[in-house]
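The basis for the numbers below is simple: all heavy atoms, side chains too, and nothing from hydrogens, waters or symmetry mates. Convention: sequence-line order gives letters A, B, ...; per-chain numbering from 1. Everything numeric here is computed off the predicted structure, so don't read it as measured data.
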Protein chains: 2
Amino acid sequence: MSLNKNHQINPKISTDCVIFGFDNEGLQVLLIERKPVSDREENNALPGDLIYDDEDLDDAAQRVLKELTGLSDIFLEQIGAFGSPDRLSKPEDKKWLESVRQYPDERVITIAYYSLVNKNLYKPQASSFAQSAVWVPVSEVTTLAFDHFEILKAALKQLRSKIKTQPVGFNLLPAQFVLSDLHKLYESILGRPLDKRNFRRKINKLGIVESLNKKQTGVPHKPSLIYKFNEENYQRLVEEGYDNFGF
Amino acid sequence: MSLNKNHQINPKISTDCVIFGFDNEGLQVLLIERKPVSDREENNALPGDLIYDDEDLDDAAQRVLKELTGLSDIFLEQIGAFGSPDRLSKPEDKKWLESVRQYPDERVITIAYYSLVNKNLYKPQASSFAQSAVWVPVSEVTTLAFDHFEILKAALKQLRSKIKTQPVGFNLLPAQFVLSDLHKLYESILGRPLDKRNFRRKINKLGIVESLNKKQTGVPHKPSLIYKFNEENYQRLVEEGYDNFGF
DNA sequence: CCAAAAGTGTTGAAGTTACACCCATGC
DNA sequence: GCATGGGTGTAACTTCAACACTTTTGG
């Protein structure tokens with residue numbers, strides 16, 4: 001992140017972030033609402049902006065995410081580059097670009113990133129050109145500015161692929177949780193039901209969770225044991241991966 | 001690929017191609033040797049160059065590959081963007097850039113692609129700033145210009161990951177082949193031996209190959225049946241993927 | 001007849017799916 | 001006592017890894 005002679009905006013390259021969060025409502029994605037410059041525009045967008053010319057791509061994604069939503073220190077994984085020449089050409093998007101960009105007609109390639117966070121630990125706070133930053137259930141998103149819906153679909157695809165070869169959840173759940181939370185998370189990501197007994201058996205075999213020998217209180221049903229992740233095993237499996245989880 | 005007012009070189013974005021080929025010698029990668037501008041530089045590089053500002057990324061990769069190596073109409077899959085600010089800063093690379101680029105100090109982000117081809121169908125022919133275009137066994141590549149070695153490693157990783165969820169080989173083998181060719185291909189990509197009987201059983205179960213009821217001739221050992229791919233089943237599995245091939 | 005690669009089955013272990021009931025709690 | 005979700009085991013089946021010998025050809 002050192003500064004050099006090129007510490008200025010690179011008008012041709014941007015970064016966009018797909019941040020997934022999770023709660024009982026299911027899988028959510030963090031969107032910003034752009035400050036409106038006219039009526040009838042699609043103002044929901046992924047947090048994203050141009051990078052600096054001397055800035056590493058990963059650093060740029062972190063910075064932009066922080067500037068627009070306040071979220072920082074999040075592990076971001078690259079999805080890829082999106083560079084269709086007409087990706088910014090919808091009329092309502094052009095109008096908006098004219099209001100915020102120095103060179104609104106520039107052809108911009110974006111490098112997209114995604115991440116998973118625990119919604120309760122990260123409270124987004126909009127700033128810069130974001131009017132608000134909100135969690136929206138993934139299933140309710142049907143249109144976004146620019147080509148962001150396409151980017152979201154690619155992020156989901158990558159997440160679904162990732163979940164088959166490494167554990168997922170550490171970043172999405174609170175430090176203490178019950179197994180049905182994890183169960184719901186996996187079902188949300190995969191978009192289909194998973195057998196409860198088989199799910200528990202597999203998770204236990206992986207050794208990524210351990211019971212705290214505490215129970216829930218105040219629930220109107222049999223209280224569940226409370227678990228935490230076994231960080232060692234979890235990390236090891238993130239690095240090694242597994243071929244075959246059968247989900 | 002329509003031309004517009006911006007049909008000029010985009011000095012900030014390039015594309016690089018990792019083209020894998022296969023023969024009995026194992027997995028190879030297509031490299032160009034840059035025309036030397038001084039002594040002692042690393043002149044082996046991936047085929048790659050700047051894109052045009054009105055050019056789709058996928059189209060740009062096709063064009064650049066063709067310009068440098070003569071290969072055309074190859075299905076290229078994106079690996080991702082590589083944009084470390086110092087990726088072009090090795091002294092020998094800088095010197096070379098000064099000889100070919102209008103803005104040799106520009107910070108360039110590259111979008112990398114990879115593909116698999118049948119070496120016998122594609123005979124590379126160097127042109128432009130490529131002095132030669134040659135197949136090099138992947139196992140023998142240890143250094144490359146710029147960050148190209150890193151890009152090669154990422155391509156290999158993606159290929160090894162891909163082979164676990166969909167069939168591979170159609171683009172790498174001739175139309176007719178024997179099962180041991182396919183076997184060797186899988187071993188080359190994965191970098192480890194696979195049991196012959198188990199491999200054949202799995203391939204047969206997938207239904208991606210079918211025998212032509214012809215035998216090899218002129219081989220000093222029991223002749224093998226000759227096979228071709230069943231394109232329907234192959235394509236279907238490329239699209240659907242499988243979770244679990246156990247390689 | 002020798003060298004070389006082709007081709008082929010079985011077995012024991014592990015993993016997969018599908019499925020139904022009792023339990024502990026709050027109200 | 002009722003509603004709610006928690007928690008548990010088994011059986012049938014499929015998949016997996018490991019392993020060795022016979023066959024066909026060219027020279």
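Remark: P of D:dG5 and NE2 of A:H221 are 6 Å apart, rounded to the nearest angstrom. Atoms CZ (A:F199) and C1' (D:dT8) sit 16 Å apart, rounded to a whole Å. Atom NE2 in A:H183 sits about 12 Å away from atom C1' in D:dG5, given to the nearest Å. The interatomic distance linking A:L206 (CG) with C:dT16 (C1') rounds to 15 Å, in whole Å. At whole-Å resolution of the value, CZ in B:R200 and C1' in C:dT8 are 9 Å apart. Atom CD1 of A:I226 is separated from atom P of D:dG5 by 17 Å (rounded to the nearest Å). The CG-P distance, from A:L194 to C:dT17, rounds to 10 Å in whole Å. When the C1' atom of D:dG6 is taken as reference, atom CZ of A:F177 falls 16 Å away, rounded to whole Å.
The residue A:L179 sits apart from the nucleic acid: no heavy atom pair falls under 4.0 Å. Within the nucleic acid shown, A:K196 comes within 4.0 Å of at least one base atom, counting heavy atoms only.
Along DNA chain D, the nucleotide closest to A:L225 and the one closest to B:V219 are compared, and the more 5′ of them pairs with A:L225. Remark on DNA chain D: of its neighbouring residues B:K215 and A:K222, the 5'-side contact belongs to A:K222, judged by nearest-heavy-atom nucleotide. Summary of the strand contacts: B:Q216 and A:T217 both lie near DNA chain C, and taking for each the nucleotide with the nearest heavy atom, the more 5' one is attributed to B:Q216.
You'll find the side chain of A:L156 reaches within 4.5 Å of the side chain of A:L27, heavy atoms only.
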| task | Assess whether side-chain contact (heavy atoms from CB on, under 4.5 Å) is satisfied between A:K184 and A:F22, documenting all intermediate values. | result | CA-CA 9 Å; A:K184 275 181 234 148; A:F22 178 75; 3.9 Å; yes

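In the set C:dA6, C:dT16, C:dC19, C:dT16 carries the atom at the smallest distance from any side-chain atom of A:K205. Comparing atom distances between the B:D195 side chain and each of C:dC19, D:dG7, D:dC19 picks out D:dC19 as nearest. In the set C:dG7, D:dT24, C:dT16, the nucleotide with an atom closest to the side chain of A:K202 is C:dT16. Side-chain proximity of B:P223 to D:dT24, D:dT4, C:dA24: nearest is D:dT24. Across C:dC19, C:dT25, C:dA5, the shortest atom-to-atom separation from the side chain of A:N198 is found for C:dC19. The listed nucleotides are D:dA17, C:dA18, D:dG5; the one nearest the side chain of A:R201 is C:dA18.
Residue B:S224 has a polar side-chain atom (N or O) positioned under 4.0 Å from OP1 or OP2 of C:dG7. A close approach under 4.0 Å does not occur between any side-chain nitrogen or oxygen of B:K184 and OP1 or OP2 of C:dA5. Phosphate contact (OP1/OP2 of C:dA5, side-chain N/O of B:S180, threshold under 4.0 Å): absent.
The base of D:dA17 is not paired with the side chain of B:R197 by any donor and acceptor separated by under 3.5 Å.
Residue B:K162 places its NZ atom among more than 12 non-hydrogen atoms of other residues, nucleotides or ligands, all under 6.0 Å distant. Counting heavy-atom neighbours within 6.0 Å of A:E210 CD, excluding the residue itself, gives a total above 12.
Between A:Y234 and A:F170, the ring planes are tilted. Angles from 30° to 60° get that label.
Cation-pi geometry between A:R34 and A:F146 is satisfied (NZ or CZ under 6.0 Å from the ring centre, within 45° of the ring normal).
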